[in-house]
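Every heavy atom of this structure was used, including side-chain atoms; hydrogens, water molecules and symmetry mates were not.
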Amino acid sequence: MYKNCYYVSERKAEDAHLKNATNKARADVEFTLAELGMKEVKIALEFQGDNASIAASLQEHWNTYKVWKKTLAHLGKGDLLVVQFPSISHCIFLGKLFKELRGRGVTVVLLIHDLEKLRFIEAEVPFKTRVRQSLDESSVLKAADLVIAHNPVMIDYLVGEGVAREKLVSLDIFDYRMPADFEPHKPYAETDETNLDAPGADLIIAGNLDSDKVGYLKDIGRVPGVRFQLYGVGYKDESSNAVYNGSFLPDELPAYLHGNFGLVWDGTSVDTCAGNYGTYLKYNDPHKTSLYLMCGFPVVVWDKSAISTFVLEHGAGIAVSSLLEAGDAIASLDPYEYEQMCKNAAAVSADLRSGHYLKTAVAECMQRLGH
């Protein structure tokens with residue numbers, strides 16, 4: 001067994017008030033690791049953002065490296081450290097630090113939240129940012145002992161990028177921790193309250209509602225046979241088939257959601273998931289999938305998204321190639337099929353709320369490490 005197991009926590013204090021999921025996923029990981037008996041190591045940094053010159057940026061990265069190194073100086077042989085990636089500080093010298101830690105006998109495990117090279121694969125990113133992304137991701141991922149990736153598709157991508165397959169563990173889906181007394185919704189019991197045919201076609205969209213950033217939102221009026229229940233910030237469009245319900249903090253939001261399905265869609269088009277964020281769905285596990293399933297809502301997902309495999313294997317939703325098909329796909333379900341999807345979502349919810357998926361991934365890591 002390891003002498004001590006640690007996890008790093010770093011967060012921008014100024015983000016605590018934001019009504020989005022910026023901190024929720026990271027905080028849930030920390031909560032679960034603490035439940036497993038790991039000790040918190042806080043990294044305290046002043047986040048300066050991007051500097052105008054490359055020299056100033058390099059100096060900031062080096063200063064950040066020194067803070068990490070000093071904070072982790074007490075770790076030694078037989079210790080284990082879990083780090084969430086990317087670091088909020090985006091330090092290009094963390095790969096160097098992890099090699100030094102491993103040289104002292106520390107085992108380093110990374111848990112991926114985002115891969116920026118994938119997230120912005122089609123974007124025109126400034127040269128300085130592109131270099132930083134390559135240095136950050138490539139060096140850090142290769143320097144770790146093990147890496148917890150979102151799913152098998154992301155694992156295949158990382159293998160193609162030169163990360164050894166035996167170092168990669170699949171998370172499958174992000175947990176969504178909630179108090180023990182939280183009870184999932186029973187959407188199938190709500191269908192009588194709508195004017196739509198059973199099983200009901202109210203699709204929930206929770207998140208950034210700014211159509212300048214989430215392009216498909218400006219065209220949801222084209223989607224037939226459904227009504228959208230919107231939750232989040234930045235909403236400025238109006239559609240006859242959409243209802244805006246306001247914005248809420250991540251831990252408050254589940255109590256306010258209502259509808260029949262959660263929608264996991266992104267990008268520039270209702271015809272398919274396109275653009276940077278749409279393409280990213282081929283590789284990542286969107287946190288909003290966890291939100292909807294945790295609440296007990298089955299989901300509508302893009303059939304080419306990585307998360308669609310999980311959803312269909314668990315019978316917790318439907319996959320469509322175009323959002324324009326969603327209405328017909330829902331209408332084709334009979335009440336029993338929909339109710340069963342809701343019950344399957346509730347079963348997944350119990351696992352998400354308990355931290356099951358991260359705990360399972362950590363157990364797999366320990367097994368591979370011989371502990």
Notebook entry, point to check: Checking Lys24 side chain against Asp251 main chain: does a donor-acceptor pair fall under 3.5 Å?
Noted result: no
Notebook entry, point to check: Okay, side chain of Ser322, backbone of Asp271: is any donor-acceptor separation there less than 3.5 Å?
Noted result: yes
Item checked: Short side-chain to backbone donor-acceptor contact, Ser305 and Val301, under 3.5 Å -> no
Notebook entry, point to check: In this structure, which one of Asn151, Val153, Ile112 forms a side chain to side chain contact (heavy atoms under 4.5 Å, CB included) with Asp285?
Noted result: Asn151
Notebook entry, point to check: Mind checking whether His287 and Tyr176 have parallel, tilted or perpendicular rings, split at 30° and 60°?
Noted result: parallel
Margin query: Just to verify, what does Lys343 make a side chain to side chain donor-acceptor pair (under 3.5 Å) with, not counting sequence neighbours?
Written below: Glu339
Next item on the list: State, yes or no, whether a side-chain contact exists between Asn260 and Tyr338 at a heavy-atom distance under 4.5 Å.
Entry: yes
Check: Is any side-chain N of the basic residue among Lys42 and Glu30 closer than 4.0 Å to the acidic one's carboxylate O?
Finding: no
Checklist line | Aromatic ring proximity, centroids under 6.0 angstrom, Phe310 and His314 | finding: yes
Check: Is a side-chain donor or acceptor of Arg353 paired with a backbone partner of Arg177 at a separation under 3.5 angstrom?
Finding: no
Item checked: Minimum side-chain heavy-atom gap Leu358-Leu171 below 4.5 Å -> yes
Notebook entry, point to check: Can you tell if the side chain of Phe261 reaches within under 4.5 Å of the side chain of Asp202, non-hydrogen atoms only?
Noted result: no
Item checked: Validation row: Cys5, Lys39 side chains within 4.5 angstrom (heavy atoms) -> no
Next item on the list: Answer yes if the side chains of Tyr157 and His150 hold a donor-acceptor pair under 3.5 Å, and no otherwise.
Entry: no
Notebook entry, point to check: Is there a donor in the side chain of Trp302 and an acceptor in the side chain of Ser321, or the other way round, less than 3.5 Å apart?
Noted result: no
Next item on the list: Give a yes or no on whether the ring-centroid distance for His185 and Phe297 is below 6.0 angstrom.
Entry: yes
Note to self: Let me check something: do Leu312 and Trp265 share a hydrophobic cluster, defined by ILVMFWY side-chain heavy atoms less than 4.5 Å apart, either directly or through other members?
What the structure shows: no
Next item on the list: Say whether Val243 and Val300 are linked into one hydrophobic cluster, either directly or through other cluster members, by side-chain heavy-atom distances under 4.5 angstrom.
Entry: no
Checklist line | Test item: Asn276 side-chain N/O and Gly267 main-chain N/O as donor-acceptor pair under 3.5 Å | finding: no
Checklist line | Salt bridge flag under 4.0 Å for residues Arg104 and Glu100 | finding: no
Notebook entry, point to check: Just by distance, with hydrogens left out, do Glu60 and Tyr65 show a side-chain donor and acceptor under 3.5 Å apart?
Noted result: no
Check: So which pairs with a foot in residues 25-44 pass ring-ring contact (aromatic ring centres under 6.0 Å, His included), sequence neighbours left out?
Finding: none
Check: Do the side chain of Asn241 and the main chain of Ile220 share a donor and acceptor less than 3.5 angstrom apart?
Finding: yes
Margin query: Can you tell me which residue among Phe248, Tyr292, Phe182 is in a side chain to side chain contact (heavy atoms under 4.5 Å, CB included) with Pro254?
Written below: Phe182
Check: Hey, does Pro286 have a side-chain heavy atom less than 4.5 Å from the side chain of Leu281?
Finding: yes
Notebook entry, point to check: Quick check: are there more than 12 heavy atoms from other residues, nucleotides or ligands sitting under 6.0 Å from NZ of Lys69?
Noted result: no
Margin query: Less than 4.5 Å apart, side chain to side chain, heavy atoms only: is that true for Leu110 and Val140?
Written below: yes
Exercise answer: donor-acceptor pairs, residues 160-170 side-chain atoms, under 3.5 Å, sequence neighbours excluded:
{"residue": "Glu161", "atom": "OE1", "partner": "Lys117", "partner atom": "NZ", "Å": "3.0"}
{"residue": "Arg165", "atom": "NH1", "partner": "Asp156", "partner atom": "OD1", "Å": "3.1"}
{"residue": "Arg165", "atom": "NH2", "partner": "Asp156", "partner atom": "OD1", "Å": "3.2"}
{"residue": "Lys167", "atom": "NZ", "partner": "Leu141", "partner atom": "O", "Å": "3.4"}
{"residue": "Lys167", "atom": "NZ", "partner": "Lys142", "partner atom": "O", "Å": "2.8"}
{"residue": "Lys167", "atom": "NZ", "partner": "Ala144", "partner atom": "O", "Å": "2.8"}
{"residue": "Ser170", "atom": "OG", "partner": "Asp172", "partner atom": "N", "Å": "3.4"}
{"residue": "Ser170", "atom": "OG", "partner": "Asp172", "partner atom": "OD1", "Å": "2.7"}

Next item on the list: Look at atom NZ of Lys359 and say whether more than 12 heavy atoms of other residues, nucleotides or ligands are closer to it than 6.0 Å.
Entry: yes
Notebook entry, point to check: Would Ser211 and Asp237 count as having a side-chain donor-acceptor pair, cut-off 3.5 Å?
Noted result: yes
